[in-house]
**Student:** 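The structure under discussion is supplied below as structure tokens; questions concerning it will follow.
Computed over heavy atoms, backbone and side chain alike; hydrogens, waters and symmetry mates excluded. Each chain gets a letter, A, B and so on, in the order the sequences are listed, and its residues count up from 1.
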Amino acid sequence: MEEINELIEQRKKKLGELRSIGTDPYDEGFSAAHYAAELINKHGESDHDTLEAANLRCSVAGRILAMRNFGKLAFIHIADASDERIQLCFARDILQDKYPIIKKFDVGDIVGVSGRLFKTKTGELTVEVHEFKIVSKSLRPLPEKWHGLTDVETRYRQRYVDLIVNPAVKKTFAMRSRIIKAIRDFLETKGFIEVETPMMHPIAGGAAAKPFKTFHNALDIDLYLRIAPELYLKRLLVGGYDKIFEINKNFRNEGISTKHNPEFTMIEFYIAYKDYKFLMDFTEELICDAALRSVGSLKFKYGELDIDLTPPWKRLTFFGALEEKGLPEGTARDPEKSVEWARRHGINIPKDLPEGKLIFDEIFSELVEPTLVQPTFITDYPVEISPLAKRKKDNPALVDRFELFVVGRELANAFSELNDPIDQRGRFQAQSEAKKMGDEEAHAMDEDFLRALEYGMPPAAGEGIGIDRLVMLLTDSHSIRDVILFPQLKPEQ
RNA sequence: GCGCCACUAGCUCAACGGUAGAGCAGCGGACUCUUAAUCCGUUGGUUGAAGGUUCAAAUCCUUCGUGGCGCACCA
């Protein structure tokens, strides 16, 4: 950090001068009776004479964002947590010998004032300041008022500055809060209870991903940050819960991109005695409810795309979707034929694809996923890529599972949970084989989870929804970093 | 991990081989209804870092750093 900065020195000097006249900007603070938004909503429409007659007293506190000084009169705009700006008017006639203190103000300082509401000649609701106090002196200059802060690196690294000067950012995170609250309320209304399961796992299971590894000194064991809560939540189904959910972080030790942050928020919920078909209707209801309570509509823009969440959403089977693109299931299931087909259609198949990985999965993500702009359920996945899902009754090669896609991205993954402990053991064993063949992300065997299933887990359906991606969709954000307050970056220097 | 692009004053940007500049912010001054206030004056730079080419480098080359985007992996 560059400490020798003239601008900071000047502000420190002002701080010293304030202290020398007996007013410490960092002392006990200020208690405001009003929010800016409250005053503007209540009195913003009142005319000049009404306000004069009412003689309304008020107090507000906030950060100085703009100052216009006229020698014996000054107008200052502050913003507070209500996300509104309100104008303050400092007049020498009123403040007398205290008036010169405003020379020590800087944009960025936090001030508390009390006074009387009035309307200026231009009709703006304004506080005529009678008493004021700097409650926090800002030593660093804020970005310029007109262009603001646009440098994305600074915006992410110094999110506090981004939040001060870019109102749209606060709006996005207010939306995020509303979306998560909507989901919580929805599930609680349906009788779900929220639980918390471990973030540190001795075995990283419940998803196909590379974990972060850590070490517990006292226990002298390796632990992994969880890649999914799934296996713990299902243990709770064994324990007798029938409707549970968890909203929390997962950690995956993989690449960072506009759609991936190493730590990201998922909701997983489980409901006993229901299946994946139930969850499709349930998901439509849940996401529409979240959209209505955040966006306020089921129709909205995502970039150039017009998205319409009005149910029912399109439903396609996995191989049906491939077939629509001209790839018959028979060909898709034959590794050699499907590679040949992919090459012929110009689909890039990575050369170092691990043995355990399946070609049709690659083809699906290249060929089908990008076309799924409007909400679409893809159902009936192959068992090989679904080691925790229940097989279809009439076709054991497929499972009772769906993934939800919107704007070409996976938003949710759900299935009827496999509760046959013997089948589950076999699936884990198949995953172990894949791991030996070089698939780093294959599931690990989890003996305790199998023991739990052996006690008997009721039939159940479970689903995971990527909260960050849902927030991206509903806030028209095109990078996951725009919906995470502090996205992962390399340390400075 | 690979490729492309960017990095110049606190912020937003010029200068693209020939003396590093503007606007805003800051500092000094004028101003009692402004809102990107206005007017006069003025400070501020190891041009991301280190090497190299050149009489001369912000500018060309190399390496490194950080970021963005794309690809890969995944959600």
**Student:** What distance, rounded to whole Å, do you find between the two C1' atoms, one in B/C16 and one in B/G21?
**Tutor:** 14 Å
**Student:** From CD of A/Glu6 over to C1' of B/G44, roughly how many Å is that when rounded to an integer?
**Tutor:** 5 Å
**Student:** Figure out the CG/C1' separation between A/Asn166 and B/C11, and round it to whole Å.
**Tutor:** 12 Å
**Student:** Partner lookup for B/C2, please. Criteria are Watson-Crick or G-U wobble with both distances under 3.5 angstrom; report none if nothing qualifies.
**Tutor:** B/G70
**Student:** If I pick the C1' atom on B/G48 and the same atom on B/G28, what distance separates them, to the nearest angstrom?
**Tutor:** 34 Å
**Student:** Is any NZ, NE, NH1 or NH2 atom of the basic residue among A/Lys210 and A/Glu254 found under 4.0 Å from an Asp or Glu carboxylate oxygen of the other?
**Tutor:** no
**Student:** Should B/C13 form a Watson-Crick or G-U wobble pair with both distances under 3.5 Å, which nucleotide is its partner?
**Tutor:** B/G21
**Student:** Could you identify the nucleotide paired to B/G51, looking across every strand shown and requiring Watson-Crick or G-U wobble geometry with both distances under 3.5 Å?
**Tutor:** B/C61
**Student:** Given B/G68, B/C73, B/C27, which nucleotide is nearest the side-chain atoms of A/Asp106?
**Tutor:** B/C27
**Student:** When you compare B/C27 with B/A50, how far apart are their C1' atoms, in angstrom units rounded to a whole number?
**Tutor:** 36 Å
**Student:** Between A/Arg176 and A/Asp468, does at least one N-O distance fall below 4.0 Å, as a salt bridge requires?
**Tutor:** yes
**Student:** Side chain of A/Lys145 only, heavy atoms from C-beta on: which candidate in B/U32, B/A36, B/U66 is closest?
**Tutor:** B/A36
**Student:** Check the distance between B/C33's C1' and A/Lys121's NZ and give it to me in whole angstrom.
**Tutor:** 5 Å
**Student:** Could you state the CD-P distance from A/Gln87 to B/A36, rounded to the nearest angstrom?
**Tutor:** 11 Å
**Student:** To the nearest Å, give me how far apart CD1 (A/Ile256) and P (B/C69) are.
**Tutor:** 12 Å
**Student:** Is the aromatic ring of A/Phe264 within stacking range of B/A75, meaning centres under 5.5 angstrom and planes under 30 degrees?
**Tutor:** yes
**Student:** Is A/Arg155 close enough to B/C11 that one of its side-chain N or O atoms is under 4.0 Å from OP1 or OP2 there?
**Tutor:** no
**Student:** Report which part of the nucleic acid A/Leu489 touches: base, sugar-phosphate, or nothing (heavy-atom distance under 4.0 Å, all strands).
**Tutor:** sugar-phosphate
**Student:** Do the side-chain N or O atoms of A/Arg157 get closer than 4.0 angstrom to the phosphate oxygens (OP1, OP2) of B/G67?
**Tutor:** yes
**Student:** How far, in whole Å, is B/A15 from B/A9 if one measures between their P atoms?
**Tutor:** 15 Å
**Student:** Mind checking A/Gly466 for me? I need base, sugar-phosphate or nothing, with any heavy atom below 4.0 Å counting as a touch.
**Tutor:** nothing
**Student:** With a non-hydrogen cut-off below 4.0 angstrom, is A/Asn261 in contact with a base, only sugar-phosphate, or nothing?
**Tutor:** base
**Student:** What interatomic distance, in whole Å, is found between C1' of B/A58 and the corresponding atom of B/U53?
**Tutor:** 16 Å
**Student:** Expressed as a whole number of Å, how far does the C1' atom of B/A36 sit from that of B/C64?
**Tutor:** 40 Å
**Student:** Nearest-nucleotide wise, let me know which of A/Ser479 and A/Arg252 is further upstream toward the 5' end of RNA chain B.
**Tutor:** A/Ser479
**Student:** Does a side-chain N or O of A/Lys259 approach OP1 or OP2 of B/A75 to a distance below 4.0 Å, or not?
**Tutor:** no
**Student:** Answer yes or no: does atom NZ of A/Lys301 have more than 12 heavy-atom neighbours from other residues, nucleotides or ligands under 6.0 Å?
**Tutor:** yes
**Student:** Ignoring hydrogens and geometry beyond distance, is a side-chain donor-acceptor pair present between A/His130 and A/Glu128 at under 3.5 Å?
**Tutor:** yes
**Student:** What is the distance, rounded to the nearest whole Å, between atom NZ of A/Lys104 and atom P of B/G26?
**Tutor:** 13 Å
**Student:** So, does the side chain of A/Glu144 form a donor-acceptor pair with the base of B/G10 at under 3.5 Å?
**Tutor:** no
**Student:** For the P atoms, the ones on B/C2 and on B/U63, what distance do you get once it is rounded to whole angstrom?
**Tutor:** 13 Å
**Student:** Is the ring centre of A/Phe75 under 5.5 Å from the base ring centre of B/U34, and are the two planes under 30° apart, so that they stack?
**Tutor:** yes
**Student:** Does B/U12 have OP1 or OP2 under 4.0 Å away from a side-chain N or O of A/Thr150?
**Tutor:** yes
**Student:** Counting only Watson-Crick pairs (N1-N3 plus N6-O4 or O6-N4) and G-U wobbles (N1-O2, O6-N3), all under 3.5 Å, who is the partner of B/A37?
**Tutor:** none
**Student:** Under a 3.5 Å distance rule, please check whether A/Ser82 uses its side chain to pair with a backbone N or O of A/Ala37 as donor and acceptor.
**Tutor:** yes
**Student:** Under a 3.5 Å cut-off for both contacts, is B/G45 paired Watson-Crick or G-U wobble with anything, and if yes, with which nucleotide?
**Tutor:** none
**Student:** Please say whether more than 12 non-hydrogen atoms of neighbouring residues, nucleotides or ligands are located less than 6.0 Å from CE in A/Met200.
**Tutor:** no
**Student:** Could you please name the option among B/C31, B/C73, B/C24 that lies closest to any side-chain atom of A/Phe70?
**Tutor:** B/C31
**Student:** Please pick, from B/A36, B/G68, B/A75, the nucleotide with the shortest atom-to-atom distance to any side-chain atom of A/Val152.
**Tutor:** B/G68
**Student:** Between A/Thr258 and B/G70, is there a contact of a side-chain N or O with OP1 or OP2 at under 4.0 Å?
**Tutor:** yes
**Student:** Using a cut-off of 4.0 Å on non-hydrogen atoms, how would the nucleic acid contact of A/Lys490 be classed: base, sugar-phosphate, or nothing?
**Tutor:** sugar-phosphate
**Student:** Between the base of B/U32 and the side chain of A/Asp93, is there any donor-acceptor pair under 3.5 Å?
**Tutor:** yes
**Student:** Calculate the interatomic distance between A/Glu254 atom CD and B/A75 atom C1'; express it in whole Å.
**Tutor:** 9 Å
**Student:** Base, sugar-phosphate, or nothing: which does A/Gly148 touch, judged by heavy atoms less than 4.0 Å apart?
**Tutor:** sugar-phosphate
**Student:** With both distances under 3.5 angstrom, what nucleotide forms a Watson-Crick or G-U wobble pair with B/C31?
**Tutor:** none
**Student:** If you pin A/Arg11 and A/His147 to their nearest nucleotides in RNA chain B, which one's is more 5'?
**Tutor:** A/His147
**Student:** By the 4.0 Å heavy-atom rule, please label A/Lys119 as base, sugar-phosphate, or nothing.
**Tutor:** nothing
**Student:** Name the nucleic acid region contacted by A/Thr154, choosing base, sugar-phosphate or nothing; use a 4.0 angstrom heavy-atom cut-off, strictly under.
**Tutor:** nothing
**Student:** Does OP1 or OP2 of B/C73 have a side-chain N or O of A/Lys210 closer than 4.0 Å?
**Tutor:** no
**Student:** How is A/Asp151 classified with respect to the nucleic acid when contacts are heavy atoms under 4.0 Å: base, sugar-phosphate, or nothing?
**Tutor:** sugar-phosphate
**Student:** So, does A/Arg68 get its side chain near the phosphate of B/A37, meaning an N or O under 4.0 Å from OP1 or OP2?
**Tutor:** yes
**Student:** Is any side-chain heavy atom of A/Glu284 less than 4.5 Å from a side-chain heavy atom of A/Phe377?
**Tutor:** yes
**Student:** Compute the centroid of each ring, for A/Phe319 and then for A/Phe364, and state whether the two points are separated by less than 6.0 Å.
**Tutor:** no
**Student:** Let me know the distance between CD of A/Gln488 and P of B/G68, rounded to the nearest Å.
**Tutor:** 12 Å
**Student:** Evaluate the ring planes of A/Phe282 and A/Phe269, with Trp represented by its six-membered ring, and classify them as parallel (under 30°), tilted (30 to 60°) or perpendicular (over 60°).
**Tutor:** tilted
**Student:** Please state the P separation for the pair B/C13 and B/A6 - nearest whole angstrom.
**Tutor:** 14 Å
**Student:** What distance separates A/Tyr276 OH from A/Asp400 CG, expressed to the nearest 0.5 Å?
**Tutor:** 4.5 Å
